[in-house]
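The block underneath contains the structure these notes are about, expressed in structure tokens.
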Amino acid sequence: MKKTILVVAALALVLVIDGVSQTPPAPKHRVVFQLTEPQGPAWDSLIAHVENMRTAFAKDGSEVEVVFFGPGLNMLLKKNTAQEEKLKKLAESGVTLAACQNAMRFYNVKTEDLFPFASQVDSGVAELARKQEAGWAYIH
Amino acid sequence: MKKTILVVAALALVLVIDGVSQTPPAPKHRVVFQLTEPQGPAWDSLIAHVENMRTAFAKDGSEVEVVFFGPGLNMLLKKNTAQEEKLKKLAESGVTLAACQNAMRFYNVKTEDLFPFASQVDSGVAELARKQEAGWAYIH
Amino acid sequence: MKKTILVVAALALVLVIDGVSQTPPAPKHRVVFQLTEPQGPAWDSLIAHVENMRTAFAKDGSEVEVVFFGPGLNMLLKKNTAQEEKLKKLAESGVTLAACQNAMRFYNVKTEDLFPFASQVDSGVAELARKQEAGWAYIH
């Protein structure tokens, strides 16, 4: 009896300690950005901020998603060829560039209007909430 | 002596495991919004963002608070009749619309100047911090 | 053998319980602010918001950092004498005023161009992420 309790206690301890001391999943830093501006310097700032952060976190690793919603959806439209190279480089380096489907409906934007490296989320604000709930930092 | 330690260990384990595995309180999603713009498209965006998020989280349930402070207090003033119907609908669906009392003092706004469905908080920024401390996501 | 397990179990319990029930470090509230605006009412708002929050949290205590990056770095330049007194008062009350070194390089700002009470961080956005990872609330 005593033995059984001891074994159960030891097992439970292992589980608890494992659960408590569990290291966060790699990469260490997870950050979601919001882009809601229709144009202008906010676009250049976004790219500079993501690049600077990736550099600062190069050693630890980082997982980054940018959510484009409201008038900010505009930045992901194929027609904005001036942004294409920079955004493509971010996407190729592993940054998720997510278009809000609510904004797509509102502005009548189709999948084929978006850069091919863009992904989609059902709701930009819901996505920001979900990421924060999952422990991601949020930057606007 | 051994027995006592075992019992204490078992009880402590139960407490620890209970604490660790505790499920989060329903509703699942809790989000605090900031509204600081004195007028313009930010007002429409706010309402659209809250509505879109509520829809996206309809299945899981969501608790939402919007904190109006600084020049954003303006949106809760009774005189803005164009906003009344939409804000009232949000309030009636359970969204808390909170006016910052620091902003009320600064702009000399009285309780009777606010929509009757508005609530109040001592400090808008402190409220945003408290909500995040309590695990709410933050969206600006 | 039994004794050893018991001792190990007891020690582990103490560690686990200590880890789980550990009270958050004083002060109770920790908040990081973002300042990215090059000028205008956002500067006055920032100071008002920090002061109001410090007042609201006076009883519990608060640790506050403001991160100045992008065009917002401008607010920490010595030449902005109109801001000096208010910022100095914040700094002397324990608020950290941190200049982004990426912005410093971009705008060719040297340490001697900054108010002497300003500190520096390698990357403003990385700093915002690190603080949130450490449990700080974020306000923009």
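What you are looking at is a predicted structure, and each value in this text was computed from that prediction instead of being measured. To find a chain, count down the sequence lines: A is the first, B the second, and so on, and within it residues start at 1.
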What parts of residues 130-140 of chain A touch chain B if we use heavy atoms and a cut-off under 4.5 Å?
R130(A), Q132(A), E133(A), Y138(A), H140(A)
Q39(A) atom CD, over 12 foreign heavy atoms within 6.0 Å:
no
Between CG of D122(A) and CG of N52(B), what distance do you get to the nearest 0.5 Å?
9.5 Å
Nearest atoms (heavy-atom pairs only) where V125(A) meets M53(B)
CG2-CB, 3.7 Å
Checking F69(A) against chain B: side chain, backbone, both or neither under 4.5 Å from a heavy atom?
side chain
If you count every heavy atom of other residues, nucleotides or ligands that lies below 6.0 Å from E112(A) atom CD, does the total exceed 12?
yes
Rounded to the nearest 0.5 Å, what's the gap from CD on E51(B) to OG on S123(A)? Could you check?
12.0 Å
Determine whether more than 12 heavy atoms belonging to other residues, nucleotides or ligands lie under 6.0 Å from atom CZ of F106(B).
no
